[in-house]
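In what follows, a single structure is set out as structure tokens and then discussed.
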Amino acid sequence: MDQKILSLAADKTADKLQEFLQTLKEDDLTNLLQIHAVKGKHTGALLRAIFKGSPCSEEDGVLRRHKIYTCCIHLVESGDLQKQVASEIMGLLMLEAHRFPGPLLVELANEFIGVIKEGSLISGKSLELLPIILTALATKKENLAYGKGESSGEECKKQLINTLCSGRWDQQYVIQLTSMFKDVPLTAEELELVVEKVLKMFSKLNLQEIPPLVYQLLVLSSKGSRKSVLDGIISFFSELDQQHSEDQSGDELLDLVTVPSGELRHVQGTVILHTVFAIKLDCELGRELVKQLKAGQQGDSSKYLSPFSIALLLSVTRIQRFEEQVFDLLKTLVMKSFKDLQLLQSSKFLQNLVPQRGCVSTTILEVVKNSVHSWDHVTQGLVEFGFILMDSYGSKKIVDGKMTGSSSSLSRTPHQHACRLGASILLETFKIHEMIRQEILEQVLNRVVNRASFPISHFLDLLSDIIMYAPLVLQTCSSKITETFDYLSFLPLQTVQGVLKAVQPLLKVSMSLRDSLILVLRKAMFARHLDARKSAVAGFLLLLKNFKVLGSLASSQCSQSIGLSQVHVDIHSRYNSVANETLCLEIMDSLRRCLGQQADVRLMLYEGFYDVLRRNSQLANSIMQTLLSQLKQFYEPKPDLLPPLKLEACVLTQGSQISLQEPLDYLLCCTQHCLAWYKNRVMPLQQGNEEEEEEGLYQELDDMLESITSRMIKSELEDFELDKSADFSQSTGIGVKNNICAFLLLGVCEVLIEYNFSICNFSKNKFEEVLSLFMCYKKLSDILSEKTGKGKLKVTNKTNDSFLSLKFVSDLLTALFRDSIQSHEESLSVLRSSTEFMRYAVSVALQKVQQLQETGRVSGPDGQNPDKIFQNLCDITRVLLWRYTSIPTSVEESGKKERGKSISLLCLEGLQKILSVVQQFYQSKTQDFLRALDVTDKEGEEGEAEDVSVTQRAAFQIRQFQRSLLNLLSGEDEGFHSKEALLLVAVLTNLSKLLEPSSPQFMQMLSWTSKICKENSREDASFCRSLMNLLFSLHVLCKSPVTLLRDLSQDIHGQLGDVDQDVEVEKTNHFAMVNLRTAAPTVCLLVLNQAEKVLEEVDWLITKLKGQASQEIPPEASSQVSPPSHPTEKAIIMQLGTLLTCFHELVQTALPSGSCVDTLLKDLCKMYTILTALVRYYLQVCRRSRRIPKNMEKLVKLSGSHLTPLCYSFISYVQNKKSSNLSYPGEKNKEKTTATAMARVLRETKPIPNLIFAIEQYEKFLIHLSKKSKVNLMQHMKVSTSRDFKIRGSILDMLLQEDGEGDSAGGTASEHRGQDTEPAKKKRKN
């Protein structure tokens, strides 16, 4: 039979073949076909013959074809056929499918869909035919019976796809089904349906099956629906990320069984690769991704801030056309996240409305952590992004030193957070990926060398962290570091110090690197540039500190340490004490040559010797010998000769140029500190084993200092030629020389004061010597103050830093004010008898704290040791606090009137500065700081003291200062000490920052501050400003300040009167602090500034709502009942409503010209801009048929009745005021005065057009909203009057007759005059 069919098929005509096929029974053909297919013989030829003999023009042929198709599909699906045979059959079926009539195609498609729904597919091979059938069906133009009615082929196809997508898909055929749709021509609606179905299947699949499915989906996205595809993929993996982070044990991820973290990350990595590949082929997909992520930032950004979406973006940066765009997007996203966080932290109002979300830093660092799972395509993007953040947001000013507290996250700005994030990304990437380490290090070093003129402290910190993490690994990159050393001579000193400090661990493990550095430093020592020589000194001092000679005392103050795992690498540099000693002595020899160089180089050496001695005590002999020989050059050895020092030898005269050659004060200071440290730390441990030579050295230094002291006391200023008759002007050579000598002498006196105090052991004679030295210091200081002008004194301020060490200042203040030991009483009375000396001691403490605040370090020993500085600060604060609270300023000043600030006031100023410094640098140690202050004889109650919180301790201190301020305010106005009051408020402000906003102590502080403002009236603008600022800063952490602003606005209106002089305003007196003197500009500007902050918060919320609304636009929403107003919407309307009443008061107030009027006009403009933004939001919401809330209607009504008309009246008032000021400039310098006044008027009226435009924009969008919402919102709005210029003949004639100085502004103002009557009715009258 099969042979006959084949032979008949060979004929040219198919008539005989048709006749033969009609004679066969129904199952004969199918059985024959099945036998041939299984055997794999002539199957294709037989099928062709059957199709040839079954034309679609005849009904029998169509039915036969249908049976053959059904039989073939079952055969292919059974899996019994060879692959080649199955492929041949499917190819023939595909070729013949387009010949089928429409009804048969529908029937075949339905059979396929039925099989898919039932899940009876076996191999899925037959699915290749379905897209051909659907494509053929779409081409049929005639109406086909489908379901209950008839429809075109295209409609049938649509319904079939709908049926297919609404049915169940077997898990194992999802990928094939998705792949199938890429060959089907789909409309946008059909494609959206398919994509939605495939995305729903994600959660039902095994995790390993998702990457191939994503690939098919991305291929499908080339037809359209890119947004849905990307959104679905990102949402799915973002949700997985979130669940994985919530439950690290991974009990369940969606509907999946437990998935190990590694498997999830590998799957994500593959999906990212597929997506990036798809974007390379289809740029539209990339554009859609960027567009989607940009839009997502405005609303709920949690989905777009997941580790997966960040990793995807970073991978897309590998595509050149998207690189810049995506990095800009990521930068914006990071900055926005940090700014939002800052805004949230500073406002309780926002915290109540917006939940705290995860920080962007955590998310991006999670990406770094995940990249260990072979995410090589992400790593390069991470490195580039890290450097972009550091380059863009690095520090803008160089800080002289680095303190521990600088890591405080709260005190950082968004820019600092972003820069820190960049550094963290690079450091963590460096730790995880070995392959990229060299590149990171090279890029950091390149920036350090090439950007020397810019602040690079953030790169130096990163370099230090990198080297600290793996010094041994970095030995392989030593060539790059050696190359960097070659540039040290050309870099600024600060950069050199940073680099050397950072590479210090490497020097300990690599001899070659250390030798390269020494070679570079030796060359630099004799370079032409001064900075290069200073860099050489800094480098040599660093080496001396870190290469200890055997026998040196252990030092816990080393700035960096090396792990034990690195000990065995280079025993020569680490443990060979002989080599270290040789190296150190060679360096000391090089440094001695510096003593013949400029003063700046010597000064660096003197400042560094103490630290070297402290860390490498075996070098004491060499250092002290060097100092002694240098000191002898300027010391007068004969004990009878006065003065004891040759100051003139310290000054270098070269022609007309006079400069300092030897900083004798620094030399003496260094000698004194090194001697004191050696005597206190080394000598007690030697127990008589000291060699006579060494003992003689130290004894000689002691004798020299004693001799200098005794002779300095006997000397008069005339001996130094520095008495009152001396010339101190900077314009003459003698004057310059005298100035240099005078400052040297001041420094010497301070050094000797510290030396004698430290060795006196409370001897009365020694204290008398200290006082005598101080009198010498004071006498010279007074002469300098008198002779030198204030402006010129600033030039010498740098060298005028006190030489007293912070530790000594702490000890001195404790002795003066807190030492109550009986045996010390008599000797201390000598110092206590001098008020000037005590004032000087407190002033030096203030100077030291100021220096710490500005530079992050203090001059003198341990000036860069954070722990010791902190301990000294605690001791000083304790003394200052006791002194201020024990002897109030009022008591001290009533006793005796002296020139300068009282000691109590200086103590208070010191307390204020120290509190600022602690919050700036030592925020993590606040608890320890407050505990150190609270020494109320509870030494034995250590355990109990630990339980006391920071809030409780701060509240205790606050109460003390509150009492002081109340005492000050209870006095008469004449005796009010403004400076003290300001300092007290500053102290209270600093302490209030330590209170927990949710604590009762915080509420107590807020109510107390509010009460002070309400009950006290002082006409001191500065005090009022600081107190009101404190009130606002407390209020915003508790609730929104809008009601407070409203009350203050009413008070301002009551005090200053109305713009209409005929209207009398009722005085409210909510706050007594608001009076005629303080109402404007002080309080008015504060209120407007705070109102602006509230408007910014509201603007931020509206932007967030708009973003959320654009993300959630479900078409089904139209059928639902209108949902209730969003709580955020309600809060926004309440804020704006209360602010509107605040502005209602201020625009009626007769404000003085200047900053108040200018700021009010700008804020009104901002108010209307934000009202417009809210109206536009409701326009967006109205598209989903949500009605406008009633309170929004009330807000619009309020703006129309209480603000807009008054704004026009206020504009008229401002313009009239300017005109009147301009009209009477006076006779003298009339033209000049008029020109100045005109310029001022133009400047101050500039915001008026902006305000009018903002009002008109608001009204324009209100009209749109009225039409959309079918609510007449304009019924309470008065249409603005015409503001064009009109020539009025009568007025023109009158002006011409009077020959007056007409002003066009008056004409403009007259246009609004008709409006003045309306608002007047709304004003309060008595």
Side-chain angles (χ1 to χ4, degrees), residues 207-219 221-222 226 229-230 232-238 240-241 244 260-290 292-293 304-331 333-334 360 363-389 421-422 424-440 442-443:
L207 200 59
Q208 293 295 344
E209 293 175 310
I210 287 174
L213 179 58
V214 166
Y215 176 77
Q216 296 300 336
L217 200 54
L218 288 167
V219 172
S221 73
S222 60
R226 295 176 179 87
V229 169
L230 288 169
I233 294 169
I234 291 171
S235 298
F236 175 74
F237 282 107
S238 297
L240 276 182
D241 276 334
H244 199 271
S261 174
E263 186 183 349
L264 174 62
R265 302 308 170 203
H266 280 296
V267 166
Q268 286 181 331
T270 311
V271 167
I272 289 170
L273 277 174
H274 286 327
T275 311
V276 173
F277 181 69
I279 290 171
K280 282 179 182 174
L281 299 176
D282 180 12
C283 293
E284 281 302 316
L285 191 66
R287 290 192 193 100
E288 185 57 51
L289 175 67
V290 173
Q292 210 170 324
L293 288 169
Y304 302 102
L305 264 181
S306 68
F308 175 79
S309 54
I310 299 284
L312 176 58
L313 276 175
L314 287 167
S315 294
V316 172
T317 59
R318 298 293 86 222
I319 304 169
Q320 193 174 357
R321 72 171 63 191
F322 291 111
E323 183 179 4
E324 190 177 342
Q325 200 177 356
V326 171
F327 277 135
D328 285 343
L329 174 64
L330 282 168
K331 261 173 64 179
L333 192 143
V334 165
V360 68
T363 308
I364 295 179
L365 291 174
E366 182 73 23
V367 175
V368 179
K369 183 179 158 192
N370 295 344
S371 68
V372 75
H373 300 284
S374 306
W375 286 14
D376 297 337
H377 46 282
V378 177
T379 311
Q380 194 61 43
L382 275 170
V383 172
E384 280 188 47
F385 186 52
F387 279 113
I388 285 171
L389 287 178
L421 172 60
S424 301
I425 290 169
L426 292 170
L427 180 61
E428 294 306 313
T429 309
F430 182 89
K431 290 179 180 179
I432 292 172
H433 299 282
E434 287 184 25
M435 296 297 290
I436 208 136
R437 283 177 179 173
Q438 183 145 358
E439 185 189 337
I440 292 175
E442 281 186 14
Q443 287 207 43

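All values below come from the heavy atoms of this structure, side chains included, with hydrogens, waters and symmetry mates left out.
Distance check: Leu264 CG to His266 NE2 gives 10.5 Å after rounding to the nearest 0.5 Å. If you take NZ on Lys369 and CZ on Arg265, they are separated by 8.0 Å, rounding to the nearest 0.5 Å. Atom CD1 of residue Ile364 and atom CG of residue Leu389 lie 7.0 Å apart, to the nearest 0.5 angstrom. Atoms CZ and CD, from Arg437 and Glu442 in turn, are 14.5 Å apart once rounded to the nearest 0.5 Å. Here the CG atom belonging to Leu289 is positioned 5.5 Å from the CG atom belonging to Leu313, to the nearest 0.5 angstrom.
Contact record, Val271 with Pro211: CG2-CA, 4.0 Å, taken as the closest heavy-atom pair. Closest approach of Gln208 and Pro212 over heavy atoms only: O-CD, 3.8 Å. Ser222 and Asp282 get closest at one heavy-atom pair: CA-OD2, 4.0 Å. Nearest heavy atoms, Leu230 versus Leu285: CD1-O, 3.5 Å.
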Ile310 vs Leu330, test: side-chain contact (heavy atoms from CB on, under 4.5 Å). Steps then yes/no. CA-CA 8 Å; Ile310 299 284; Leu330 282 168; 4.1 Å; yes
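Here the side chains of Leu218 and Ile233 are in contact, with some heavy-atom distance below 4.5 Å. With contacts defined as side-chain heavy-atom distances shorter than 4.5 Å, the pair Gln380/Glu439 qualifies. No side-chain heavy atom of Phe308 sits under 4.5 Å from any side-chain heavy atom of Leu240. With contacts defined as side-chain heavy-atom distances shorter than 4.5 Å, the pair Phe237/Leu312 does not qualify.
Counting heavy atoms of neighbouring residues, nucleotides and ligands inside a 6.0 Å radius, atom OH of Tyr215 does not exceed 12 of them.
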